[in-house]
Number of protein chains: 2
Amino acid sequence: MKVLTEQKFSANSQEEMAKFAKALAHPTRLEILRLLSTQSCCFTGDLVEVLPIAQSTVSQHLKELKNAGLIQGEIDAPKIKYCINQENWRKAKLLFAAFFE
Amino acid sequence: MKVLTEQKFSANSQEEMAKFAKALAHPTRLEILRLLSTQSCCFTGDLVEVLPIAQSTVSQHLKELKNAGLIQGEIDAPKIKYCINQENWRKAKLLFAAFFE
DNA sequence: AAAACCAATCGTATATTTACGATTAACTAT
DNA sequence: ATAGTTAATCGTAAATATACGATTGGTTTT
């Protein structure tokens, strides 16, 4: 029973880590996260200005990062301010650190 | 010039990190890496026995991990022994640690 | 109310990923 | 030489990811 639980937990944390890794698996998304984590929150428009891709594509990447739980949006009408989701950021950090020992 | 170099370096390490993240973005590959990193090297056949997927699929995942540089194969005929590529493992560890601060 | 602005979503095309069974390649052992 | 073992590769199908322009939905400003 204990083993089963542990295996299940392990499988779950592996799923979760894979989900985070998937979100990190694109240079554009890494750049977005880097911008958000170093220069604090920013608006979608700021990102669109900086990144060499279409607005709709930036939105798509933001959606994926949001779905993975790494960022969160906050309405500041008519703009939307994105920030790192600190809780999951920490969770991801711990998962990766533990994985690499 | 300095800035350009730095940007290039930054872009490169982001590319490299994305490459590693992509390799980590699948539960099966995480499991393979976990097995290799905790119980040392093992043969493809050992992995095929443990994993609930076809041999050809395991081979495909191994190929991706090899291409990402996270593992390396060594012929021990007629088997092939896979191990963690320590140098790149360390590199990935550092990249992720630096990324999450 | 109308015009303007911002960002998400839609529709779409193309590329990549994931999985499988079947086959092939390389080597060992008989 | 032949048979057997091991793992990679091929061919293929289905799902997912990536990118774009166009459109839509909210909100604000005029």
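Letters A, B, ... are given to chains in the order of the sequence lines, protein chains preceding strands, and every chain is numbered from 1.
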Base, sugar-phosphate, or nothing for [X], non-hydrogen atoms under 4.0 angstrom?
X	value
A:Lys66	nothing
B:Thr44	sugar-phosphate
A:Ile53	sugar-phosphate
B:Lys81	nothing

Is B:Lys91 salt-bridged to B:Glu16, going by a charged N under 4.0 Å from an acidic O? yes

Report the relative orientation of the aromatic rings in A:His26 and A:His61; use parallel for angles under 30°, tilted for 30 to 60°, perpendicular for over 60°. tilted

Among [options], which nucleotide sits nearest the side chain of [X]?
X	options	answer
A:Ser56	D:dG21, C:dT18, D:dT18	D:dG21
A:Leu62	C:dA8, D:dC10, D:dC20	C:dA8
A:Ala77	D:dT28, C:dT16, C:dT9	D:dT28
A:Ala54	C:dG21, D:dG21, C:dT18	D:dG21
A:Lys22	C:dT17, D:dA8, D:dA17	D:dA17

I need the [atom1]-[atom2] distance between [X] and [N], as an integer number of Å.
X	N	atom1	atom2	answer
B:Phe43	D:dA7	CZ	P	8 Å
A:Asp76	D:dT28	CG	C1'	12 Å
B:Lys79	C:dA25	NZ	P	23 Å
A:Asn67	C:dA8	CG	C1'	13 Å
B:Glu49	D:dT5	CD	P	14 Å
B:Gln60	C:dC20	CD	P	10 Å
B:Ile32	C:dA19	CD1	P	10 Å
B:Lys63	C:dA19	NZ	C1'	15 Å

Between A:Ile75 and A:Arg29, who's closer to the 5' end of DNA chain D by nearest nucleotide? A:Arg29

Is the distance from OP1 or OP2 of [N] to the nearest side-chain N or O of [X] less than 4.0 Å?
X	N	answer
A:His61	D:dA19	yes
B:Tyr82	D:dT6	no
A:Thr57	D:dC20	yes
B:His26	C:dA19	yes

For the rings on B:Phe100 and A:Phe96, is their centre-to-centre separation under 6.0 Å? yes

Please report whether the ring centroid of B:Phe20 lies less than 6.0 Å from that of B:Trp89. no

Donor-acceptor pair, side chain of B:Arg29 and main chain of B:Lys22, under 3.5 angstrom: yes

Mind checking whether B:Tyr82 and B:Thr44 have side chains closer than 4.5 Å, heavy atoms only? yes

On the side chain of A:Gln55, is there an atom forming a donor-acceptor pair with the base of C:dA8 - under 3.5 Å, no angle test? yes

